[in-house]
Amino acid sequence: MKFWSQYFIPTLKESPADAEIASHKLLIRAGLVRKLGGGLYTYMPLGLRVMQKVTQICREEMERAGGIELQMPHLHPAENWQQGPRWAAAREIMFRADSAGDGKRAPREPEYVLGPTHEEVITPLVKAEITSYRDLPKNFFQIATKFRNEIRPRFGLMRAREFIMMDAYSFDATDDGAIKSYHAMKAAYEAFFRRLGVTAIAVEADTGVMGGSFSHEFMVPAEIGDDDVIYNEESGYAANREKATSALVPADLKDAAPAGALEEFATPGVVTIAALEAAPFSVRGDQQFKTLVYMGDGKPFLVILRGSDELEEAKLGSLGFTVFRPATAEEIEPVMGAKPGSLGTVKGSIKNQSALAGIFADHAIRLVGNGVTGANKDGFHLRNVNVVRDLAVTSFGDFRRVRPGEPDPKSGQPLKVRRGIEVGHIFKLGTKYSEVFGATYTDDQKQNHPMVMGCYGIGISRTVQAVIEQGHDADGIIWPWAVAPFQVLICVLDPQLPEAMDLARKLAAAAEGAGAEVLIDDRAERPGVKFKDADLIGIPLRLTIGGKGLKEGIIELKWRARKDVVKVALAEADAAVAAAVREAGAKA
RNA sequence: CGGGGUGUAGCUUAGCCUGGUAGAGCGCCUGGUUUGGGACCAGGAGGUCGCAGGUUCGAAUCCUGUCGCCCCGACCA
């Protein structure tokens, strides 16, 4: 048991000015964290206890699923990353940690980086240690601090530069085995979030810079989330918007026949979809072709969309470029022959088509059939442009952003959208890393093969905040039993009375005997202060010992999540508290 | 990186437009009265107004720069 007067729980009446959302305000007001700088937080004693609870539950579920815990360095030699497949993309988010301390050396490549994730460390390790199919599969995990130079840290622990993460890496001999490992992790994640008492749903996700073949994110539904989840409850379809698709283009759609000869027309000053929609041209957005120019690994490539559609940039990841970005106007003109606003992909109209890495068309342009696009000549567009006859296309793909209301790819029912906090992510990686690092094994036919990998992450510190975001009211936090920093709070309203403190110790012993951790509020504060603080820090079960109750021969028992107060006779108090603790513990 | 906002005591902030001794509430310290939902009275400590320049007789206030923090965006040609 801990005594509040000797512990350290600095609560605040008012929210700090830099906190916007409820969970961030409560983290600070309840004394769980304090900020050092942007995206950097100290876990205060109470916050640390919660973090340790979540960590331990995570560890148990990972071990139950066959995970083996280890701990890798936070400081990584830059060579590991330079050898890996994503140095160019990952270095932007990595902090460098050079050994040069005098500040006199010229800027150059970093010697060390602070680890944002550990594929580049675990894969060489496994390459060195495992060479036989007999030693596979293996799944290693750690729970440790990660460093990422987020462009914009925000919302407290929600997006921090330094945060706690569980990361796991599976190595299998076969693709089937890797899929099995993947599903074992998915089940472990579900068990983990269930034990925490938070709702987290698995949604299909983009693999991003991580690469790999398929992936799920675990999302806690919350308005303040960073991600849009596209879903339909009935069919069970759920995907991150970055990945989501719809049945907008019917599978049996026939390509439109040409509607007439190509025709150039003057559009002076018209450089936007909207301007072309307006009089005198009046070409609807869904009758226009939009041509975007990107740079992929240094070479330009084109993306064609309907004028009314938006690019979902993350989907360009499927094209295989390590890094890509929108091209600048200076890069566009020499290739296309015109400035942005007059671009198109009609065969023969691109000034220097051989410079392109490809022309990638969204499926939905087939719905246009015949439409209008830029002529690659400033101030001119072309009409009667037929997708099949006229457009130069390397390949078709899914590049557009799905909108709510479009038909669900599973059932055809309208899709909905809601915000979510990404608390976990699992990837089937395949052999991307094992091939680069040479992590191979020998099978029973003496043949060598690259191991098939998966990687898995849970944002532990972010999850803590998601728990608060999901469990609070106007008065404060409402901790689920499993993650509460203490399960029982004993409010001693008159701590100067020896019999009150004796009773508190006795009840604490009873609660501890039943498996709870107990905090005793023995501060010389007025009752109102204690009750307000109790609600704020959100301990699930509160026992109140007051002079009034002692005269009556009772104590009070109150659940943080409920309004009602139960009076218990002193003679039965021990047993009642123990029973309440056991019941809550069994449910958690 | 672009845009917007903001920086005054440990916290929340007023004052800035219109330059003239820096104010309040919470918290903290002392004493007293209180004691079942953030008490009251009296007294007290605590601020080079983010930092650096500039304008001025005089700058928290006006100007320039810089740094931190917060929010939005970072793609639509």
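Chain naming here is simple, since letters A, B, ... match the order of the sequence lines and numbering starts at 1 in each. No hydrogens, no waters, no symmetry mates; every other heavy atom, side chains included, goes into these values.
The environment of CD in A:Glu223 is sparse: at most 12 heavy-atom neighbours from other residues, nucleotides or ligands sit within 6.0 Å. Within 6.0 Å of the NZ atom in A:Lys558, the count of heavy atoms belonging to other residues, nucleotides or ligands exceeds 12. In the displayed structure, A:Lys347 atom NZ is contacted under 6.0 Å by more than 12 heavy atoms of other residues, nucleotides or ligands.
If you check B:C49 for Watson-Crick or wobble pairing at under 3.5 angstrom, you find it has no partner at all. B:G43 is paired with B:C29 under the criterion used here, namely a Watson-Crick or G-U wobble arrangement in which both key atom distances are under 3.5 Å. Nucleotide B:C62 forms a pair with B:G54, judged by Watson-Crick or G-U wobble geometry with both contacts under 3.5 Å. Summarising the base pairing, B:G38 is matched to no nucleotide, lacking a Watson-Crick or G-U wobble pair whose two defining distances lie under 3.5 Å. Shown here, B:C75 forms no base pair; nothing in the strands shown gives a Watson-Crick or G-U wobble contact with both key distances under 3.5 Å. Under the Watson-Crick and G-U wobble criteria, each requiring two contacts below 3.5 Å, nucleotide B:U21 is left unpaired. Base pairing analysis places B:G68 opposite B:U6; the two distances defining the Watson-Crick or G-U wobble pair are each below 3.5 Å.
Atom NE2 of A:His24 and atom P of B:C69 are 13 Å apart (whole Å). Counting to the nearest Å, the P atom of B:C75 and the CD atom of A:Glu331 are 13 Å from each other. B:G73 atom P lies 7 Å from atom CZ of A:Arg154, rounded to whole Å. With rounding to whole Å, A:Asp535 atom CG is found 12 Å from B:G37 atom P. Whole-Å rounding puts the A:Leu292 CG to B:C75 P distance at 11 Å. Atom-to-atom, CG of A:Leu489 to P of B:G37 comes out at 17 Å; the value is rounded to the nearest Å. Rounded to an integer number of Å, the gap from A:Arg325 CZ to B:G2 P is 16 Å. Protein atom CD of A:Gln496 is 12 Å distant from nucleotide atom C1' of B:U34, rounded to whole Å.
When heavy atoms are screened at a 4.0 angstrom cut-off, A:Val293 is found touching base atoms of the nucleic acid. Nucleic acid contact class of A:Gly307 (heavy atoms, under 4.0 Å, all strands): none. Looking at heavy-atom distances under 4.0 Å, A:Val271 makes contact with sugar-phosphate atoms alone, never a base. Using a 4.0 Å heavy-atom criterion, one finds that A:Gly546 contacts the bases of the nucleic acid, with or without backbone contacts as well. A:Leu493 comes within 4.0 angstrom of a nucleotide base, judged by non-hydrogen atoms across all strands. Here A:Ile332 lies in heavy-atom contact (under 4.0 Å) with a base. Note on A:Ala19: nothing from the nucleic acid sits closer than 4.0 angstrom, heavy atoms only.
A sub-4.0 Å separation between OP1 or OP2 of B:C76 and a side-chain N or O of A:Arg400 is absent. A close approach under 4.0 Å does occur between a side-chain nitrogen or oxygen of A:Lys13 and OP1 or OP2 of B:G27.
Rounded to whole Å, the C1' atom of B:C72 lies 40 Å from the corresponding atom of B:G58. Annotation: B:G47 and B:G10 have their C1' atoms spaced 12 Å apart (nearest Å). Across B:U6 and B:U13, the matching P atoms stand 13 Å from one another, rounded to whole Å. Comparing B:C11 with B:C28, their P atoms are spaced 15 Å from each other, to the whole Å. A gap of 16 Å separates the P atoms of B:G4 and B:C63, to the nearest Å. Only the C1' atoms considered, B:U21 is 37 Å distant from B:U33, to the nearest whole Å. For the C1' atoms, the distance from B:C49 to B:G73 is 32 Å, rounded to whole Å. Nucleotides B:G2 and B:G19 place their C1' atoms 34 Å apart, quoted to the nearest Å.
Listed candidates were B:G38, B:C70, B:C1. Nearest to the side chain of A:Asp533 is B:G38. Checking B:C71, B:C75, B:G36 against every side-chain atom of A:Tyr294, the shortest atom distance belongs to B:C75. Which of B:U12, B:C72, B:C70 sits closest to the side chain of A:Asp18 comes down to B:C70. The side chain of A:Phe531 sits closest to B:G36 out of B:C71, B:G36, B:A39. Minimum atom distance to the side chain of A:Glu20 is reached by B:C70, of the listed B:U12, B:C70, B:A77. Of the listed nucleotides (B:G38, B:A77, B:U12), B:G38 has the atom at the smallest distance from the side chain of A:Lys532. Checking B:C70, B:G36, B:G37 against the side-chain heavy atoms of A:Lys548 singles out B:G36 as nearest. When each of B:A77, B:C11, B:G36 is scored by its nearest atom to the side-chain atoms of A:Ile273, the top-ranked nucleotide is B:A77. When distances run from any side-chain atom of A:Pro527 to the nucleotides B:C76, B:G36, B:G37, the shortest one goes to B:G36. Nearest to the side chain of A:Lys35, among B:G38, B:A74, B:C70, sits B:C70.
A:Phe321 has its ring centre less than 6.0 Å from the ring centre of A:Phe301.
Judged by closest nucleotide on RNA chain B, A:Arg523 is the one of A:Gly341 and A:Arg523 placed further toward the 5' end. Residue order along RNA chain B, read from the 5' end via each residue's closest nucleotide, puts A:Lys530 first among A:Lys530 and A:Phe155.
No donor-acceptor contact under 3.5 Å links the side chain of A:Glu525 to the base of B:G38. The base of B:G27 does not come close enough to the side chain of A:Arg29 for any donor and acceptor atom to sit less than 3.5 Å apart. Within 3.5 Å, no donor on the side chain of A:Arg152 pairs with an acceptor on the base of B:G2, nor the reverse. Evaluation of atom-type donor-acceptor distances gives a pair under 3.5 Å for the side chain of A:Glu310 against the base of B:C76.
Atom OG1 of A:Thr345 is separated from atom CD1 of A:Ile365 by 6.5 Å, given to the nearest 0.5 angstrom. Between A:Asp226 atom CG and A:Arg154 atom CZ the span is 4.0 Å, to the nearest 0.5 Å. Rounded to the nearest 0.5 Å, atoms CZ (A:Phe531) and CG (A:Asp521) are 9.5 Å apart.
Checking A:Ser23 against A:Gln465 by side-chain atom types alone, a donor-acceptor pair falls below 3.5 Å. Side-chain contact check for A:Asn386 and A:Asn370: at least one donor-acceptor pair (N or O, by modelled atom type) lies under 3.5 Å.
For the side chain to side chain contact (heavy atoms under 4.5 Å, CB included) criterion with A:Phe3, the lone passing option out of A:Leu519, A:Ile520, A:Val492 is A:Ile520.
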